[in-house]
Amino acid sequence: MEQLIRRAQSSGSLLCVGLDPVGTSETEVAARLHGVVLQTAEFAAAFKPNLAFFLARPDGVTLLQRLREWIPADVPMILDGKFGDIANTADRYAAFAYDVIGADGVTVNPYMGDDAILPFARPDKAVFVLAKTSNKPAHSWQDEELVRGGTVSDFSADVVQQLSSEHSGLGLVVGATNSEALAHLRQRCPELWFLVPGVGAQGGDLAATVRAGCRPSDGLGLLINTSRSIWQAVDPGAAARDLTQQINALRTERVSDAV
Ligand SMILES: O=c1ccn([C@@H]2O[C@H](COP(=O)(O)O)[C@@H](O)[C@H]2O)c(=O)[nH]1
C-alpha cells in the first residue's frame, strides 16, 4: 500500500489501468498489451490485469509474467483474481500471485472467511477485498440485511477495517455503479483504500464516484479502474490522460469543498 501511495503521489493520478486482453492472435494480443502499458504507464497509479483474461489464453501465465516486466517497477500491479479458498489453498494462490507472477497486490473474495483473506496479507502487498461489486445483480446478495445489523457488504467492510488494525495493506473493492453505496462505505471506512471498477463500459458516473469515494482529507484513497474503455481506445494513452485529468479536476473540487 505504501508503494501505491507513493505512486499515486508521484504520478499525480488515481487511475488504475485495467488490462483485460482480448483478441485471437497470441502475437497481436501480446503486442497490444505491451503497447497499452507503454502508452498509459505515465498516467497509471496502478495496473490491474484480470486473471481470467490471461488463463483463457494458451500461454496466459507466461504473458502475465512478461506483463510484470513491461510494467515499470514503481507502478504496482494488482492481480484481479478474486481469490477465495481455505487457508492452505489461499496460501498457494498467494504464492502464485506474488512469487510466480510478481504481483504487488490482489483481489480477494471473502465469502469463505478470514482464512481466505489473511494468507494474502504480506507487509509489502495490497489486498483488495470484495465489499460492494459493480455488477447489477450484486445487490441481491450484498444488500441483504444481517441479523446483527448492516448488510453483507457492510459486514465485509467492517471485517476488513478490523483486520487492518493488525495487518497492513488491506483495502476494499467497491464498484463505481452505485455512488450511494460508495459514499456509505467511505463513511464507514474513512481511511481504507478502495479499488473502484465500473467506470467506462459499465456506465459508472465518474464525477459521482470521485465525490463519493475520494478522501476529502488528502484527495487520495481511491483507485479508479477502467479496462475496456482503454483497451478498445484508438489511442489508449490519450484515453488514460483524459481520464486522469478529469479525475484530478474532480478530486481538487472534493478537497477544496472540504476545506
Ligand atoms: O466489482 C467488480 C470487481 C471487479 N471488476 C473487474 O474490473 C474490470 C472492469 O472492466 P471494464 O471493462 O472497465 O468494465 C473487469 O476486469 C472486471 O472483472 C468489476 O468490473 N467489478
Side-chain angles (χ1 to χ4, degrees), residues 14-23 29 32-33 36-37 40 43-57 60 63-64 67 76-84 97 101 103 105-111 116-117 120 126-143 151-154 156-157 160 170-182 184-186 189 192-206 208-210 212-213 222-234 236 239-240 242-244 246-247:
L14 296 183
L15 178 68
C16 178
V17 176
L19 297 169
D20 295 356
V22 287
V29 165
R32 173 74 178 169
L33 191 60
V36 169
V37 170
T40 60
F43 308 108
F47 284 95
K48 182 185 79 63
N50 186 309
L51 182 59
F53 288 81
F54 290 82
L55 292 182
R57 312 208 68 86
L63 187 60
L64 261 179
L67 174 64
M77 181 176 107
I78 299 159
L79 183 60
D80 186 1
K82 301 181 186 69
F83 302 107
I101 301 301
V106 291
T107 59
V108 168
N109 182 337
Y111 192 74
I117 304 172
F120 292 93
V127 183
F128 291 95
V129 177
L130 302 185
K132 175 76 176 170
T133 56
S134 64
N135 50 322
K136 288 212 170 74
H139 68 90
S140 59
W141 284 64
Q142 296 162 15
D143 293 353
T151 62
V152 171
S153 62
D154 291 341
S156 175
V160 171
L170 301 184
L172 300 176
V173 176
V174 185
T177 48
N178 184 336
S179 54
E180 273 178 33
L182 179 58
H184 169 77
L185 289 173
R186 173 51 75 210
C189 306
L192 288 184
W193 274 76
F194 293 176
L195 172 61
V196 183
V199 164
Q202 296 179 55
D205 179 335
L206 184 63
T209 296
V210 176
L222 272 194
L223 262 187
I224 300 178
N225 181 83
T226 187
S227 305
R228 280 167 288 184
S229 55
I230 288 185
W231 182 264
Q232 293 166 358
V234 177
D242 292 352
L243 261 171
T244 304
Q246 287 174 50
I247 295 168

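All ligand and atom numbering here is 1-based and tracks the order in the structure. Just so we're clear, the structure is a prediction, and the values are computed from it rather than from any experiment.
Judged by distance alone, the side chain of T226 and the main-chain N or O of V199 form a donor-acceptor pair under 3.5 Å. Side-chain atoms of R186 never come within 3.5 Å of backbone atoms of A212 as a donor-acceptor pair (strictly under, hydrogens ignored). Side-chain N or O atoms of N135 include none that pairs as donor or acceptor with a backbone N or O of P137 at under 3.5 Å. For the pair T151 (side chain) and D154 (backbone), a donor-acceptor distance under 3.5 Å is present.
Regarding atom 18 (O) of ligand 1, its nearest protein heavy-atom neighbour is N50 ND2, 2.9 Å. At the shortest separation from atom 12 (O) of ligand 1 among protein heavy atoms lies R228 NE, 2.6 Å. At the top of the distance list for atom 7 (O) of ligand 1, counting protein heavy atoms only, stands K48 NZ, 3.2 Å. Residue, atom and distance of the protein heavy atom nearest to atom 1 (O) of ligand 1 are S134 N, 2.9 Å.
Taking every heavy atom of P197 and a limit of under 4.0 angstrom, the matching atoms of ligand 1 come to 1 (O), 2 (C), 3 (C), 4 (C), 5 (N), 7 (O), 19 (C), 20 (O), 21 (N). Taking every heavy atom of T133 and a limit of under 4.0 angstrom, the matching atoms of ligand 1 come to 1 (O).
For the pair F54 and L33, the tightest heavy-atom approach, listed with the atom from each and the gap, is CE2-CD2, 3.7 Å.
Inclusion of Q202 in the set of residues having an N or O under 3.5 Å from an N or O of ligand 1 is warranted. Not a single N or O atom of K132, backbone or side chain, sits closer than 3.5 Å to an N or O atom of ligand 1. Residue contacts with ligand 1: D20 is placed with a nitrogen or oxygen under 3.5 Å of a nitrogen or oxygen of the ligand (distance criterion only).
At a heavy-atom distance under 4.0 Å, no atom of L130 approaches ligand 1.
With T209 as the fixed residue, the side-chain contact (heavy atoms from CB on, under 4.5 Å) test singles out one of V174, V196, N178: V196.
Atom 10 (O) of ligand 1 has its nearest heavy-atom neighbour, among S227, G198, G203, in S227.
For the pair K132/D143, a side-chain contact is recorded, criterion being any heavy-atom separation below 4.5 Å from C-beta on.
At a cut-off of 3.5 Å, with distance as the only test, no side-chain donor of T177 or Q202 sits close to an acceptor on the other residue.
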